[in-house]
Amino acid sequence: MANIVLFGGPGSGKGTQSAKIIDRYGLYHISTGEVLRDHIARGTELGKTADSYISKGQLIPDDLMVDILADVLDKTQEAKKGVVFDGFPRTVPQAIALDRMLADRGMKLDGVLGLEVPDEELVSRMLARGKETGRADDNPETIKNRLAVYHQQTQPLRSHYESQGRYHAVDGMGDVDRIFSRIMEHLDTFTKADAESVADATMSSGSEG
Ligand code: AP5
Ligand code: MG
């Protein structure tokens with residue numbers, strides 16, 4: 001199965017599309033934002049630390065974030081089936097750490113799907129959700145900071161992955177199902193490539209023995 005990163009700005013549809021991917025491909029969903037919001041809701045020490053960054057629209061420091069992710073990967077047997085990483089990595093050091101963490105666990109990243117959505121649309125989606133659900137960081141001030149942080153700290157990851165030939169742009173505008181079809185085209189290629197490499201490995205180990 002495939003391990004993929006869903007990349008994109010705040011409000012680009014990472015959570016929405018992750019849910020559809022999980023339904024169809026049975027992958028395991030890791031949203032670092034949700035992990036942190038769960039800690040905040042439970043009032044843990046980590047939650048208190050996380051809240052002080054999230055409420056300002058800032059990123060949680062890389063070292064802490066990488067430890068949190070390693071912990072989730074270790075505690076989740078289902079992760080072996082393949083993971084959709086939603087909201088991680090968000091910086092180049094996190095991306096480097098992710099490759100290392102996956103390699104340590106006999107896994108690898110199959111590709112990065114970048115949901116491309118203009119800022120105006122991101123803002124209007126987040127404002128609408130803020131009104132509907134009351135998500136704490138969906139207020140005008142924090143949204144402004146989240147976007148600035150995205151452009152300064154997270155967008156450089158795009159060229160990092162592009163230079164490695166691992167970035168696949170996905171038009172994130174329009175109907176949710178149409179966007180999902182675009183994602184499926186990529187996922188089908190990844191899962192096929194994975195199946196072929198397993199078949200190749202089986203054949204070559206068969207010829208040796
Ligand atoms: P996180 O929870 O990851 O938030 P985010 O990146 O700001 O993204 P959102 O969850 O707001 O949006 P989404 O892309 O999931 O879109 P969604 O599907 O919900 O992170 C929150 C905070 O945690 C960060 O700011 C940071 O502080 C911290 N954090 C998390 N990970 C971290 C990391 N790795 N390192 C450091 N700090 C980290 O869609 C948005 C809305 O639009 C929804 O209402 C949805 O219904 C709607 N919508 C979706 N698709 C469409 C469409 N096609 N058309 C119209 N509306 C749509
Ligand atoms: Mg989300």
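Quick note: numbers below take in every heavy atom, side chains included, and nothing from hydrogens, waters or symmetry partners.
A pairwise comparison of heavy atoms in V66 and A97 identifies CG2-CB, 3.7 Å as the closest pair. The two atoms that bring Q58 and V149 nearest to each other are CA-CG2, 4.4 Å, heavy atoms only. In terms of heavy atoms, S55 sits closest to T142 at O-OG1, 3.1 Å. Between L98 and P89, the shortest heavy-atom contact is CD2-CD, 3.9 Å. Across every non-hydrogen atom of P140 and L127, the tightest pair is CG-CD2, 4.0 Å.
By the 4.5 Å heavy-atom criterion applied to side chains, L102 and F85 are counted as neighbours. Looking only at side-chain heavy atoms (C-beta outward), I68 and T32 stay at 4.5 Å or farther from each other. Between Y161 and L109, the closest side-chain pair of non-hydrogen atoms falls below 4.5 Å. In this structure the side chain of L73 reaches within 4.5 angstrom of the side chain of I30, judged on heavy atoms. Side-chain contact check for P10 versus I143: every heavy-atom pair is 4.5 Å or farther apart. Put simply, the side chain of Y28 does not reach to within 4.5 Å of the side chain of K80, judged on heavy atoms. Within the 4.5 Å cutoff, the side chain of M65 has heavy atoms near those of the L36 side chain.
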Exercise. Applying side-chain contact (heavy atoms from CB on, under 4.5 Å), run through I183 and L115 and close with a yes or a no.
Key: CA-CA 9 Å; I183 289 179; L115 288 168; 4.2 Å; yes
Quiz item: Going through the distances and angles, do R24 and L187 end up as a side-chain contact (heavy atoms from CB on, under 4.5 Å)?
Solution: CA-CA 11 Å; R24 173 152 180 129; L187 271 169; over 6 Å; no
Quiz item: F180 and I21: side-chain contact (heavy atoms from CB on, under 4.5 Å), yes or no, with the steps?
Solution: CA-CA 8 Å; F180 183 55; I21 296 171; 3.8 Å; yes
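Cluster annotation: V5 and Y150 are assigned to the same hydrophobic cluster (Ile/Leu/Val/Met/Phe/Trp/Tyr, side-chain heavy-atom contacts under 4.5 Å, transitive). Under the 4.5 Å side-chain heavy-atom criterion for grouping Ile, Leu, Val, Met, Phe, Trp and Tyr, V84 is not connected to V35 through any hydrophobic cluster. Taking hydrophobic clusters as Ile, Leu, Val, Met, Phe, Trp and Tyr residues chained together by side-chain heavy-atom distances below 4.5 Å, F88 shares a cluster with I54. Both Y53 and I40 are assigned to one and the same hydrophobic cluster, defined by single-linkage of ILVMFWY side chains at heavy-atom distances under 4.5 Å. L147 and L6 fall into different hydrophobic clusters, defined by Ile, Leu, Val, Met, Phe, Trp and Tyr side-chain heavy atoms under 4.5 Å apart, directly or through other members.
The pair E132-R129 does not count as a salt bridge, with every side-chain nitrogen at least 4.0 angstrom from each carboxylate oxygen. In this structure, R158 pairs ionically with E116, as a charged nitrogen and a carboxylate oxygen lie closer than 4.0 Å. A salt bridge links R146 to D138: one of the charged nitrogens lies within less than 4.0 Å of a carboxylate oxygen.
Remark: S18 pairs with H29 by the side chain to side chain donor-acceptor pair (under 3.5 Å) rule, at least two apart or across chains. Taking the salt bridge (charged side-chain N to carboxylate O under 4.0 Å, His left out) definition, one finds that E78 meets it with nothing, sequence neighbours left out. The ring pair (Phe, Tyr, Trp, His ring centres under 6.0 Å) search around H186 returns H168, not counting sequence neighbours. Shown here are the salt bridge (charged side-chain N to carboxylate O under 4.0 Å, His left out) partners of D188, two or more places apart in sequence or in another chain: there are none.
How far CG of D62 is from CD of Q94: 4.5 Å, rounded to the nearest 0.5 Å. The CE atom of M126 sits 10.0 Å away from the CD atom of E121 when rounded to the nearest 0.5 Å. Rounding to the nearest 0.5 angstrom, the gap separating the CG atom in D51 from the NZ atom in K56 is 9.0 Å. Rounded to the nearest 0.5 angstrom, F7 CZ and L113 CG are separated by 11.5 Å. Atom-to-atom distance recorded for L64:CG and L59:CG is 12.0 Å, nearest 0.5 angstrom. Here the straight-line distance linking atom CG of L157 with atom CZ of R90 works out to 10.5 Å at 0.5 Å rounding.
N3 contributes a side-chain N or O that, together with a main-chain N or O of V83, makes up a donor-acceptor pair within less than 3.5 Å. Without hydrogens or angle criteria, K81 side chain to G26 main chain gives no donor-acceptor distance under 3.5 Å.
Counting only residues at least two apart or on different chains, the salt bridge (charged side-chain N to carboxylate O under 4.0 Å, His left out) pairs with a member in residues 30-42 are D38-R42.
Exactly one of K108, R105, R166 qualifies for a salt bridge (charged side-chain N to carboxylate O under 4.0 Å, His left out) with D99. That residue is R166.
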Distance-only donor-acceptor pairs under 3.5 Å for side chains of residues 170-179, two or more places apart:
{"from": "D171", "atom 1": "OD1", "to": "M173", "atom 2": "N", "distance (Å)": "3.0"}
{"from": "D175", "atom 1": "OD2", "to": "D177", "atom 2": "N", "distance (Å)": "3.2"}
{"from": "D175", "atom 1": "OD2", "to": "R178", "atom 2": "N", "distance (Å)": "3.3"}
{"from": "D177", "atom 1": "OD1", "to": "K20", "atom 2": "NZ", "distance (Å)": "2.8"}

